[in-house]
Amino acid sequence: MPGSMGAVKTVHEPFQLLAFLKSASTLRPCPLRRAQIRPFSPHCFMTPRVRFAPSPTGDLHVGGGRTALFNWLYARQTGGTFILRIEDTDGARNTEEAQRGIVKGLRWLGLDWDEGPEVGGPHGPYFQSQRKAIYDAYLAKLEAAGRVYTEENGAVRFKFSRTAITVHDLVCGDVTFAPTEEPDMTIRRPDGSYIFHFVNVVDDIEMRMTHVFRGEDHLSNTWKHIDLFHALGATPPTYAHIPLILNPDGSKMSKRDAGSAIEHSYIHEGFLPDAVFNYLAMLGWTPRADQEVLTREQLAKLFNPADIHSANARFDLHKCQWFNAQFLRALSPEALLKASLPFLESAGLVIGDEAMAAAAVYSVKEKVSLLKEIPAWVHYFFREDYPFEADVTEKLRAKPENASLLKAALTTLGHGTEWSEASVHSAIEAAAKEAGVKTGALMPLLRAALSGQSRGPNVATIAHLIGQESTLRRIERTLSEVLG
RNA sequence: GACCCCUUCGUCUAGCGGUUAGGACACAUCCCUUUCACGGAUGCGACACGGGUUCGAUUCCCGUAGGGGUCGCCA
């Protein structure tokens, strides 16, 4: 087979040339991408209005966060308006606290909304629980149109048109649903409260939504929404049903699964908002850029609904952490300290000198991918009674000459009046030379003495940051407590 | 059960009829190195299957299988 390649190629070339000439001679433009299927949608000429409409169920789910993120990206990229609307029609399971979780998650991700809770707006209120009068009015419209009927128990049903309905979707293309055989849809319960499908459509009309980016799980119900829009004499928004986020094993990701909740899985684990934002944005969409690590602003600029995938994506914690590591390393010492503070504090570390603390966390930034890992790497910077790890003690005691090597270092380090990384380094070199060993042999001993650990930043960096006094004291402590 | 969406390395993906099927994460090896890392280099590794259409299909069409979703007086 490989031997015949050359011959095959020469046979093919004339055809390639032919194909080239053919495509060049026809004035056919490039094949349209999915999103350009309906270039003349009525919304093309309007400033986009998009929304995230969660029901308050506590901690923000990553799927919800990503849905919000896509809407946000579209609004920011087009100069449109991003609206937050709380779909709290099911009073029983909606609590104020649950709603705070959503708001906290969105704020943490940096998804600011232009209209909605806390910021207001001209189409409020933005809580469905406060919009009953509006829904009553729209129900009256349907009544007037003869499209509803009331059951014996008081529930109100919407009469489906029972015609074929096509969803023009930015992601999935045109999806046509045959006339339905399902029973008519209940839109109001006997107790007078309204059902999701109805209020969702009413609010999208009232709030003038032009585009709806939502999970693909809604695609199968979208024809019902369109039927409702038509019955109410309104134009449906342009839909974009985005792929779902699945667990690593391909199963549906739900509340209990790892990585599913923003506060629990990300904020508390020490992720940076920018990193999670970046990772989530790339799950189901690939920006046309030559790199993957991008800021919100860059992502908003590059966002193109046409490039949203139609296949579900599995969640990969490794990659998310890799993004986090990238952003972590790009932080300034001050920013890194600020981000680490909650984790340092919950580890019981007391920060005295902020400049020193910033330098300390900065010195270990390449060693971690999550903020919560930082305390274990820097605790000895903030306390004198740091423990000696078992293998460290063992190593120090392994060779009898270790004590004299440390004593040599104690002497040279005690001499200097200057205390910089460079001066520390040369003091160590001098000690090694005097003791007749390589510098590399002395370093691990000093690291062990100064930190109680066998890994960490440069020894000179540690010594410089903790200061001369502490350095000498720590070596003495090691000599007496470990090698004494 | 009916209907809808989907299927390229383990994972996220590039690919728009002719490519040695490219990249990132992960993994492995090597280099760098006072440790751990970072970084650099290299390697591993994929078009679900079967039919068409075509000179030629990863790419277009049909089927099968598999995955996901929807069919609530949940949202």
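So you know, we letter chains A, B, ... as the sequences are listed, proteins then strands, and number each from 1.
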Map A:P183 and A:A441 onto RNA chain B by nearest heavy atom, then report which one ends up closer to the 5' terminus. A:A441
A:K367, nearest nucleotide to its side chain (from B:C36, B:U13, B:A75): B:C36
Taking the same atom, C1', in B:G68 and in B:A57, what whole-Å distance lies between them? 27 Å
Kindly indicate whether a cation-pi arrangement holds for A:R66 with A:F70, taking the cut-offs as under 6.0 Å to the six-membered ring centre and within 45° of the axis. yes
Could you give the CG-to-C1' distance, from A:L246 to B:U7, as a whole number of Å? 13 Å
Any strand: nucleotide that pairs with B:U19 via Watson-Crick or wobble, under 3.5 Å: none
Passing option when A:D88 is tested against A:S129, A:S55, A:P54 for side-chain contact (heavy atoms from CB on, under 4.5 Å): A:S129
Of the candidate nucleotides B:C73, B:A24, B:G69, which contains the atom at the shortest distance from the side chain of A:K252? B:G69
Gap in Å between the two C1' atoms, one belonging to B:C3 and one to B:G22, rounded: 38 Å
Nearest-nucleotide 5' precedence on RNA chain B, A:F315 against A:Q128: A:F315
For A:R329, which contact category applies under a 4.0 Å heavy-atom criterion: base, sugar-phosphate, or nothing? sugar-phosphate
Which part of the nucleic acid does A:V459 contact within heavy-atom distance under 4.0 Å: base, sugar-phosphate only, or nothing? base
Looking only at side-chain N and O atoms, does A:R51 offer a donor or acceptor that is under 3.5 Å from a partner on A:N200? yes
Could you tell me whether the side chain of A:R314 has a donor or acceptor atom within less than 3.5 Å of a complementary atom in the base of B:U11? no
Whether A:D59 and A:R100 form a salt bridge (side-chain N of Lys/Arg under 4.0 Å from carboxylate O of Asp/Glu) is what I want to check. no
Check every atom of B:U35, B:C73, B:C5 against the side chain of A:R447 and return the nucleotide holding the closest atom. B:U35
Answer yes or no: side-chain N or O of A:S220 and base N or O of B:G69 forming a donor-acceptor pair under 3.5 Å. yes
Rounding to an integer number of angstrom, what distance separates B:U59 and B:G67 when you compare their P atoms? 22 Å
Say we look at B:U20 and B:C25: how far apart would their C1' atoms be, to the nearest angstrom? 24 Å
State plainly whether the residues A:D184 and A:R147 are in salt-bridge range, i.e. N to O under 4.0 Å. no
Across all strands, who's sitting opposite B:U33 as a Watson-Crick or G-U wobble pair, both distances under 3.5 Å? none
B:A24: pairing nucleotide in any strand, Watson-Crick or G-U under 3.5 angstrom: B:U11
Checking side-chain contact (heavy atoms from CB on, under 4.5 Å) between A:S451 and each of A:Y386, A:F381, A:Y380, which is the one that passes? A:Y380
Rounded to whole angstroms, how far apart are CD1 on A:I242 and P on B:C4? 22 Å
To the nearest Å, give me how far apart CD (A:E389) and P (B:C36) are. 14 Å
Counting Watson-Crick and G-U wobble pairs only, both distances under 3.5 Å, name the nucleotide matched with B:G66, or none. B:C6
If we take the P atom in both B:G45 and B:A14, what is their distance in whole Å? 23 Å
In sequence, state the C-alpha distance, the side-chain angles, and the governing distance for A:K395 and A:D391, and then conclude on salt bridge (charged side-chain N to carboxylate O under 4.0 Å, His left out). CA-CA 6 Å; A:K395 213 157 206 169; A:D391 64 316; over 6 Å; no
Integer angstrom distance from the C1' of B:U11 to that of B:U53: 34 Å
With sugar-phosphate meaning primed atoms plus P, OP1 and OP2, does A:E182 contact a base, only sugar-phosphate, or nothing at under 4.0 Å between heavy atoms? sugar-phosphate
Would you say A:R189 places a side-chain N or O within less than 4.0 Å of OP1 or OP2 belonging to B:C74? yes
Look at the side-chain N and O atoms of A:T89 and state whether any lies under 4.0 Å from the OP1 or OP2 oxygen of B:A75. yes
Give me the distance, rounded to whole Å, that separates B:U29 from B:A48 when you measure between the P atoms they each carry. 31 Å
Take atom CG of A:N247 and atom P of B:G69, then tell me their distance rounded to the nearest Å. 10 Å
Base, sugar-phosphate alone, or nothing: which one does A:G154 contact when heavy atoms must sit under 4.0 Å apart? nothing
Contact under 4.0 Å: A:H241 side-chain N or O vs B:U70 OP1/OP2: no
Kindly point out which of B:A37, B:C5, B:A75 is positioned nearest to the side chain of A:H218? B:A75
In whole Å, what is the span from the CD1 atom of A:I245 to the P atom of B:G69? 14 Å
Determine whether a donor-acceptor pair (one donor, one acceptor, N or O, separation below 3.5 Å) exists between the side chain of A:K319 and the base of B:A24. yes
Using a 4.0 Å heavy-atom cut-off across all strands, classify A:N153 as base, sugar-phosphate, or nothing. base
Check every strand shown and say whether A:T286 touches a base, only sugar-phosphate, or nothing at a heavy-atom separation below 4.0 Å. sugar-phosphate
Could you let me know what B:G1 is paired to, Watson-Crick or G-U wobble, both distances under 3.5 Å, or none if it's on its own? B:C71
Salt bridge check: are A:E263 and A:K104 linked by an N-O gap of less than 4.0 Å? yes
Chi-based syn or anti call at B:C38, which uses purine or pyrimidine torsion atoms and a 90° bound: syn
Watson-Crick or G-U wobble partner for B:C47, using a 3.5 Å limit on both distances? none
For B:C9 versus B:U58, give the span between their P atoms, rounded off to a whole number of Å. 15 Å
Under 3.5 Å donor-acceptor pair, A:D191 side-chain atoms to B:C73 base atoms: no
For the side chain of A:H309, starting at C-beta, report the closest nucleotide among B:A14, B:A37, B:C73. B:A14
